[in-house]
Amino acid sequence: WLERVWLQQHIGAILRQGLVSMRMRRAVCAVFLLHGLATCTVAQVVVQAGEPANITKNNDINVTGACKTSITSLCAAVPHGDGQVANCLRTAVKAARTRKEATPLTPNCRAEMRAFFVQLARAGVHADSTKVVAAEPVLGFRAACSEDLKKFCRGRPPTAAMQCLKMYKPQLQDICREKVFDIQKEEAEDMRLDAKLAEACSVDINKTKACQLHDPPGAQLACLKARRKSLSESCSKELFRREQEDAEDIRLNMDVFRTCQGEINTQCKDIEFGEARMLKCLWEASTGRDVNDFSESCRQKVRNLTKQTLQDYRLDFRIRTRCASDITSLCAAQQEKVDRLSIKELFASDDTQGYSEGASGQVIRCLKANYTKLKTLPCRHEVDQVIRVHAASVGANPALMRECGFDMEQFCSGIIEENIPLCLRGQMSFIRIGCKEEVLLQGTLEAMDVTLKPKLFHSCKKAMGEFCQDTTPGAGKMLQCLHEHMSKENFDGKCKARLAADLQASNHDWRLKYGISEMCKLEVESHCKQEMAQGAGTVLACLKRRYTTTGNTGCKKEMLRYVQQGVENIKFAPDVFAHCVQDVQKFCADVEPGQSRVHDCLLKHRSEISQECAAAEFANQQIITHEISASTIVMQKCALPVKKLCPDMRL
């Protein structure tokens with residue numbers, strides 16, 4: 001190991017002295033191969049060693065070196081010096097890629113061109129010098145950014161000045177901001193141009209053969225991200241910093257950008273790049289449209305990137321920028337805590353025994369927990385998006401994954417990811433307290449509006465257009481409208497199926513019912529304290545028992561909706577179904593739930609069913625006797641007589 005370190009250090013020193021003849025390159029290559037440092041060809045030697053070759057005194061690529069022929073054919077009219085010829089060659093490569101043609105440069109020339117720009121990146125930016133850079137990393141950088149460098153980055157060492165410009169990017173002049181972004185795009189293609197990241201990850205790269213490849217563009221960086229859990233602390237730290245910088249624009253993630261070109265040009269063609277808009281559009285399109293509209297490769301990369309951005313508030317550009325003031329006022333303690341953690345402490349392990357490890361996602365969870373206190377509308381919109389993503393993917397919710405990992409294994413094994421939240425809600429009486437808290441936090445937020453349940457929302461667009469055109473969104477009203485009409489014969493079947501699954505899961509806890517949780521708080525505190533202590537699932541049964549006697553009209557109205565749902569379909573009434581499940585299996589196994597059919601079946605066998613089931617069914621009949629509208633099937637069958645004889649009664 002010491003011998004390898006010595007070789008790496010001294011080979012770099014030899015190359016810096018200019019001893020870079022072809023003979024020397026062959027010798028260095030042989031040494032590399034002998035000691036197993038890396039796979040090697042003569043053209044790659046300087047790249048593997050991380051040092052440039054054939055750099056002229058004019059600070060440009062050598063016109064007599066490996067690129068001589070390419071320069072003659074592609075850049076003959078370009079003045080030599082200040083990186084102009086090197087930039088010309090790079091432009092030719094990009095143009096060929098855009099045209100989907102083979103690169104016009106030989107492998108040796110490409111390696112030499114890359115090495116030139118690696119040297120510039122390592123030399124850094126001199127904020128206090130009039131020349132700024134030895135040669136232009138991108139054409140026009142010096143003129144565009146000299147003023148901003150002096151304004152924001154004076155006194156910074158050359159290796160830190162570019163990071164300084166990125167940090168102050170929103171405050172830079174437009175022309176400088178454009179050039180900084182151009183440099184970021186080059187770094188996205190070749191991570192060695194990010195000198196700090198390349199240095200921090202050099203050992204990790206040398207350990208992994210797959211991460212030593214530079215083609216296609218962005219391959220090396222994608223390789224490191226795929227192995228993030230096994231990286232050294234120094235590499236993980238710089239990768240985390242780099243991902244924060246890249247979060248602004250999907251073009252800085254070459255792996256995803258390249259894979260999703262078709263979807264960007266079709267699904268999101270009217271969306272501007274920047275401010276993480278494109279990733280948001282791609283995620284929404286991948287979640288809400290037919291699978292044929294989206295390639296599976298793009299879908300997976302978009303979902304994985306979206307999951308990664310929600311692991312920490314700093315990785316989510318839109319949360320980080322739009323919620324800055326709310327984080328300071330509401331989540332300062334969580335922010336201070338996670339900002340002090342190392343990368344290993346923050347993310348810890350992701351294996352089956354690591355559910356309780358790590359501390360990621362705390363700031364985002366805090367914003368969700370303080371949703372009603374958020375002061376800025378842009379932040380609330382971004383937290384809405386977080387709720388949608390968490391609804392569709394539990395893997396994007398690190399707080400829930402930590403608390404519910406074992407519960408998911410126990411109760412939801414084999415369930416596809418998008419259905420795990422419903423599975424956990426259906427097991428509210430059995431999951432652990434920490435998991436229950438996370439499920440309730442997410443579930444209560446989703447209940448506020450149908451748009452926060454993305455799969456349900458997209459499945460029910462047609463039904464909302466037909467039955468709920470005049471319904472104002474928000475406060476759970478659209479969901480209530482859909483529930484009221486879902487028993488109608490012409491109701492969309494796909495929407496009905498998703499509504500039924502959502503209702504069946506959400507009716508296990510009163511706090512997952514937006515209207516009840518808002519209107520029945522006082523009733524619960526006054527009359528259902530014992531049930532709260534026993535478990536929140538029994539609170540709905542308590543409220544149901546008090547239906548005929550309560551004077552809380554708002555709570556009574558919301559409870560009527562719950563009763564109607566249970567009368568319509570016994571599975572929507574867990575308090576009844578739990579007492580009657582064996583009787584249903586014994587006497588009504590062939591009866592399809594819905595339109596009160598299972599209840600009718602049980603009543604036909606009322607002399608044979610268990611006492612517990614009979615008591616639950618009797619309680620239902622009491623409410624229907626007291627309030628005939630509790631039976632939606634009766635109201636449908638009797639709609640005309642009711643309209644004629646009872647015009648003041650709301651159908």
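Owing to the predicted nature of the structure, the values given are computational and were not obtained by experimental measurement.
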For this session: May I ask you to check whether over 12 heavy atoms, not counting those of K455, lie within 6.0 Å of atom NZ?
Result: yes

For this session: Could you list the residues that satisfy side-chain hydrogen bond (donor to acceptor under 3.5 Å, both in side chains) with N552, not counting sequence neighbours?
Result: none

For this session: Check step by step if side chain to side chain donor-acceptor pair (under 3.5 Å) holds for N620 and K544.
Result: CA-CA 9 Å; N620 260 356; K544 191 172 176 180; 2.9 Å; yes

For this session: Output yes when R340 and E336 qualify as a salt bridge under the 4.0 Å nitrogen-oxygen rule, no when they do not.
Result: yes

For this session: Flag the pair E243 / Q308 as yes when at least one side-chain heavy-atom distance between them is below 4.5 Å, and no otherwise.
Result: yes

Problem set entry | T376 and D326: side chain donor to acceptor below 3.5 Å | yes

For this session: Among E568, Q621, E617, find the residue that satisfies the side chain to side chain donor-acceptor pair (under 3.5 Å) test when tested with H599.
Result: E617

Exercise. What distance separates N507 CG from M428 CE, expressed to the nearest 0.5 Å?
Worked result: 12.0 Å

For this session: Please tell me if the side chains of L400 and E403 come closer than 4.5 Å, counting only heavy atoms from C-beta onward.
Result: no

For this session: May I ask you to say whether D509 pairs ionically with R425, meaning some side-chain N is under 4.0 Å from a carboxylate O?
Result: no

Exercise. Do K368 and Q442 have side-chain atoms, one donor and one acceptor, less than 3.5 Å apart?
Worked result: yes

Exercise. So, D583 and S610: side-chain donor and acceptor under 3.5 Å apart, yes or no?
Worked result: yes

For this session: Using the side chain to side chain donor-acceptor pair (under 3.5 Å) rule, take E263 and S295 through it: C-alpha gap first, then chi angles, then the decisive distance, then the call.
Result: CA-CA 8 Å; E263 287 76 8; S295 69; 2.8 Å; yes

Exercise. Centroid-to-centroid, F347 to F240, below 6.0 Å?
Worked result: yes

Seminar exercise, completed: Between the CD atom in E409 and the CZ atom in F406, the distance rounded to the nearest 0.5 Å is 6.5 Å

Problem set entry | Side-chain donor-acceptor contact under 3.5 Å, S459 with R498 | yes

Problem set entry | Under-4.0 Å salt bridge between K280 and E275 | no

Exercise. Side-chain contact, heavy-atom cut-off 4.5 Å: E523 with I516?
Worked result: no

Exercise. If we ignore angles and hydrogens, is there a donor and acceptor under 3.5 Å between the side chains of E284 and T287?
Worked result: no

